[in-house]
Amino acid sequence: MRSEAIFRAKETLPNSYQLCQTAAKTTRRMHVASKNPQDTINSAFEKIAADAPVAAVKPAVVA
């Protein structure tokens with residue numbers, strides 16, 4: 001569930017504004033047009049919760 005992912009991500013970034021901004025930037029970098037945006041947002045929160053660097057996330061190439 002997304003709320004669980006948000007609470008786990010909040011442990012990594014306790015500042016709510018910074019968490020929201022990071023999630024938005026990560027979602028924009030990771031999103032692929034053929035995927036649901038909700039799935040991309042959930043993945044972004046999971047990456048943040050795992051403390052994965054945003055620069056390490058490579059967007060998929062759509063051919």
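Owing to the predicted nature of the structure, the values given are computational and were not obtained by experimental measurement. For reference, positions follow the sequence shown, starting with 1. Atom set for the values below is all heavy atoms of this structure, side chains included, hydrogens, waters and symmetry mates excluded.
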Q) Distance from R29 atom CZ to T40 atom OG1, nearest 0.5 Å? A) 14.5 Å
Q. Among all residues two or more places apart in sequence or in another chain, which pass the side-chain contact (heavy atoms from CB on, under 4.5 Å) test with E46?
A. R8
Q: Give the intermediate values and the outcome of side-chain contact (heavy atoms from CB on, under 4.5 Å) for residues Q21 and K25.
A: CA-CA 6 Å; Q21 187 177 29; K25 287 181 180 181; 3.9 Å; yes
Q) Considering all heavy atoms of both residues, which atom of A49 and which atom of A5 are nearest to each other, and what is their separation? A) CB-O, 4.4 Å
Q) Can you name the side-chain hydrogen bond (donor to acceptor under 3.5 Å, both in side chains) partners of T12, sequence neighbours left out? A) none
Q: Return the set of residues passing side-chain hydrogen bond (donor to acceptor under 3.5 Å, both in side chains) with D39 (not counting sequence neighbours), or none when no residue passes.
A: none
Q: Using the test side-chain contact (heavy atoms from CB on, under 4.5 Å), find all partners of A23 that sit at least two apart in sequence or belong to another chain.
A: F45, I48
Q) Residues in side-chain hydrogen bond (donor to acceptor under 3.5 Å, both in side chains) with K10, at least two apart? A) S16
Q) At what distance, to the nearest 0.5 angstrom, does SG of C20 lie from CG of L13? A) 11.5 Å
Q) Taking only residues two or more places apart in sequence, or in another chain, which ones meet Q38 in a side-chain contact (heavy atoms from CB on, under 4.5 Å)? A) R2, N36
